[in-house]
Amino acid sequence: MSAAPLTVGVLGAGNWGTTLAELSARAGHGVRLWTRNAAQADEIETRRTNTKAIPGLQIHARVRATTSLELAVRGADLVLVVIPTQAMRQVARALGDVLAPEQPVIHATKGLEIGTIRRVSEILREETCARQIGVLSGPNLAAEIAQGRPAGTLIASAFPRVISVGKRAFSSSAFRVFGGDDVLGVELAGALKNVVALAAGMATAMDLGENAKALLITRGSAEIAAIAGAMGGRASTFAGLAGIGDLLVTCASPLSRNHRAGAALARGMTLEQAVASLGQVAEGVHTAKAARVLAARHGVDAPLLDRVHRVLYDGLAPKEALRQLMRLPAGREAAG
Amino acid sequence: MLTVDPRVLARETVTRVVEQTDLGTAPSGANARDLLRETLYAERRRLERAPDASALAFFARTRRELERADDAEARALLRAVVGRYVDDIAGHFDRRFHAVATQVVPRALGLMLGGAEGAITGGFNPESFASRLVVSGETDALRRVSALGPVLFAGTHASYLDPLVAGWALHRLGLPPFASAAARPLFEHPLIGPFVRRLGCYSVDESKTAAPLYRETLKAYATLVLEHGGGDLVFPGGVRSISGALEGRPKLGLLGTALPALRTLALRGGAPPRVYVVPCTISWPQVLEAETRVERWLEDALGARHVPRDDEFATTRRWFSFMRGLASADQRIHVVVGRPLDPFGNDVELGGGGGELGGSLDPCGRAIEASRYLLDGGALTVDPPRDAEYTRMLADRVAAAWRQGVVPLATHVVAYAVFERLWRDGRARDLTRFLTDVAPDAAVDEVIVLEDVARLLEELRKLAATGAIQPPFDDEAKVALARAMRTFATYHERPVLERQDGRLHVGDPSLLAYYRNRLDGYGLLGAPSRVTRAIASATREVAR
């Protein structure tokens, strides 16, 4: 493999997209960062900042911002997609106009499409000619990584080349990139963990203690693993960075949107009030619906995910949900 | 159309396998010595089961020489083993086959399907046979793409007779003869063998596929057929279905020949390279080898003890009664041609769209240059894990097309209805209980069967309207039941179902399951798939 610098096209200049673009530039690669927002592109190009996404970050000179998808993607050795799930299909369709069949595409977006319950890699398959697709996921708080603090992540793909190009693009002494091939497992773990984060937020607000929180997180993880397992994912994925690793950081961070939404519900707010107080919809509010559909479709018993859904949509009080969960017969742990 | 001398093809195959091994680009990625060792081991195991003096001597000598061989000598041994396999695969190839194939194909198939006695006495009429085979689906698309590039025609596999039926369908569509992978016993059959050799068939010996060099030789040979512009008819399911169900997903072996062929054509430069994969579903109203196949299924799924016996294929008496069965119930064999795909499973432009005719399309219908999937660092590369993953994606599309191409025939519909009725009423929880306790000596009122069949036909029509399956051949429950009962009574040793006092009695529970399984997994009559386990074991199956 040649050591020549790569050209990386990054689609999406939010905090995670900008951070990954920065990581790649620091690793010596040329980055074209696409945003549809001309003012944002202009700010990056002229002032080397992206205040709305990551205040305080001085962006590397090798990151070039553009509003032209074609400029960002044509000839890139790797295309990284970091677009909110619900906007993914639209951007993917536009990407399909400029992408070449041999270009590897990695996405770093956690979530499932509302309505279709499609995973992001499935959307990319449906809307573009891309085949060499991977997913990047792990316990990754963008702000810490942008500061250069140590972290690690996982790139999963059925194509070894996607993993090796992805490792080259983002690895550094501060950022460890592992490889795997369970794309489905990683995508489901990344999406469904948000539902568990809602539950963890409720537990925090109810002041149940650390034991209770660990109980919720572990059982929640087991339920997610059972759903993914029924769909063809691998159990070992959930013991890894994209599984329990991601869940730990999500549930430990009281600032995460899902955590705050859960806490608001536990304090007696309705879903509408909680959403209004956050100013934006937490991803877990959508994925709770998807989790329920998937569990039913694949015959998986997922009481915790189900109770979160009922709290969100059937007016079940968080306290009552907890009481119900604690009264369920406790079977063998490994049975999920 | 294939224009190369078969002997040249054989030589090129040896060179190709040796080159791949040298470069480490063989699908297995193994080196000559490891490949030889694994091959010798597999051959020793095979020969323990089926001793053959000449093969034993050859492989014993090879083993001895390999022990003290240097690299150059190991390479020579590799060449010798591959050369032996090429003879085995292509040794029956008749040089003149293209000249005679057009006359031979209808005669061979007429012999098979029109009644052997008639053909032997000269009374065979190809026209009457023609009416027994129904070819439908994307036939125009197949004709169109086969003018633009070589076609890998990928059929479902239930019977040794499949290559003949599919070959005849291609002939009837006016296409030049295809090379065809045909099972060993076809070549050895006293009636059909002489014809098969002249059809351009090459032999696939299921008992040798455990040997890695055999597999690579077979793949290289089939790839070269495509590279020389020849169409190739293959059955990527591997072995004939043992449960009666459609193959869940094809194996990658022969399906994976389209991709390297495309790469070779792309490396030659010039016009954009084109290689097509066309799925094809063959629906048999009755299957010649059903009884011995389903025994294998029971052995796999239930752990039943396998009592070896002659395949129906080898028994001339069974052959004749099979023909009579087809004729007496006025049965038809259905060949449904699927939409042409590129080697990556993409659709191709068939006219009317924006792209160049025959060019690849992405999922949104945009024109793309498929050979670019093989680019890495600007060069067309060989990358076995990548290429295997591409072929897996192709396999998924082929499997989906196969399911859509199933024609529900009277025997499938009636067996399904009766099976599901008994399963529910007998509260069968699993297949073992069903076959041992519930089905033997069971009977269902004919009126109930007619109601169930009518309901099933209605569900099938609705499903067909969505494109998930072909419309049922018989539209009316009564007609379907009558046709199924005639078929069930004529061919098999024990009737699958028998009518007595207004009730249908189960004569052979396992054959009832076999014919039922063709419609498995569509969720018909609210039933879940009952053969998932058997499909899983069928893909594990190494042919015996």
Side-chain angles (χ1 to χ4, degrees), chain A residues 1-7 69-70 73-78 89-105 116 118 121-134 156-165 168 179-184 230 232 297-299, chain B residues 25 27 29 248-249 252 258-259 262-263 266 272-273 341-349 353-355 359-397 400 523 528-529 532 536:
Chain A
M1 189 182 292
S2 77
L6 301 170
T7 302
L69 204 55
E70 183 164 5
V73 170
R74 276 283 147 94
D77 299 299
L78 171 66
R89 190 172 292 278
Q90 196 195 354
V91 174
R93 194 163 296 168
L95 172 63
D97 288 335
V98 292
L99 192 77
E102 73 274 19
Q103 287 182 293
V105 178
T116 65
R118 287 283 199 283
S121 64
E122 292 178 310
I123 298 172
L124 290 167
R125 266 300 298 274
E126 287 166 6
E127 300 294 340
T128 74
C129 63
R131 291 299 180 86
Q132 299 192 28
I133 296 173
S157 175
F159 291 88
R161 173 171 171 249
V162 173
I163 297 166
S164 66
V165 174
R168 275 184 65 202
D181 62 3
D182 185 11
V183 174
L184 179 143
R297 190 183 290 169
H298 298 279
Chain B
T25 55
R249 181 158 93 167
L252 308 183
L259 187 151
L262 183 84
R263 176 171 43 234
L341 304 168
D342 76 8
F344 306 91
N346 289 305
D347 287 327
V348 300
E349 177 64 61
S360 296
L361 300 173
D362 83 354
C364 297
R366 306 178 189 99
I368 52 171
E369 182 40 59
S371 61
R372 294 191 67 149
Y373 281 115
L374 305 176
L375 285 177
D376 191 354
L380 294 162
T381 58
V382 181
D383 178 344
R386 177 197 68 190
D387 297 349
E389 192 55 35
Y390 282 142
T391 303
R392 225 166 265 136
M393 293 170 168
L394 166 68
D396 285 339
R397 290 288 318 262
S529 169
T532 325

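In what follows, chains are A, B, ... by sequence order, proteins preceding strands, each numbered from 1. For the numbers below, each heavy atom of this structure counts, side chains included, while hydrogens, waters and symmetry mates do not.
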Side chain, backbone, both or neither of B:L375 within contact of chain A (heavy atoms, under 4.5 Å):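 Contact with chain A is through both the backbone and side chain of B:L375.
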Measuring from B:L262:CG to B:L380:CG, what's the distance to the nearest 0.5 Å?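 Interatomic distance, B:L262 CG to B:L380 CG, rounded to 0.5 Å: 8.5 Å.
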At what distance, to the nearest 0.5 angstrom, does CG of A:L99 lie from CZ of B:R366?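 One gets 9.0 Å once the value is rounded to the nearest 0.5 Å.
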Using heavy-atom distances under 4.5 Å, tell me whether [X] contacts chain B through its side chain, its backbone, both, or neither.
X	answer
A:Q132	side chain
A:E126	backbone
A:D77	neither
A:A100	side chain

Does NZ or CZ of A:R131 lie under 6.0 Å from the centre of the six-membered ring of B:Y373, at an angle within 45° of the ring axis?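 Because its charged atom sits under 6.0 Å from the ring centre and within 45° of the axis, A:R131 does stack over B:Y373.
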One thing to verify: whether B:R386 and B:D376 come together as a salt bridge, which I'm taking to mean a side-chain N less than 4.0 angstrom from a carboxylate O.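 No.
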Does a side-chain N-to-carboxylate-O contact under 4.0 Å join A:R125 and A:E122?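 No, this pair does not count.
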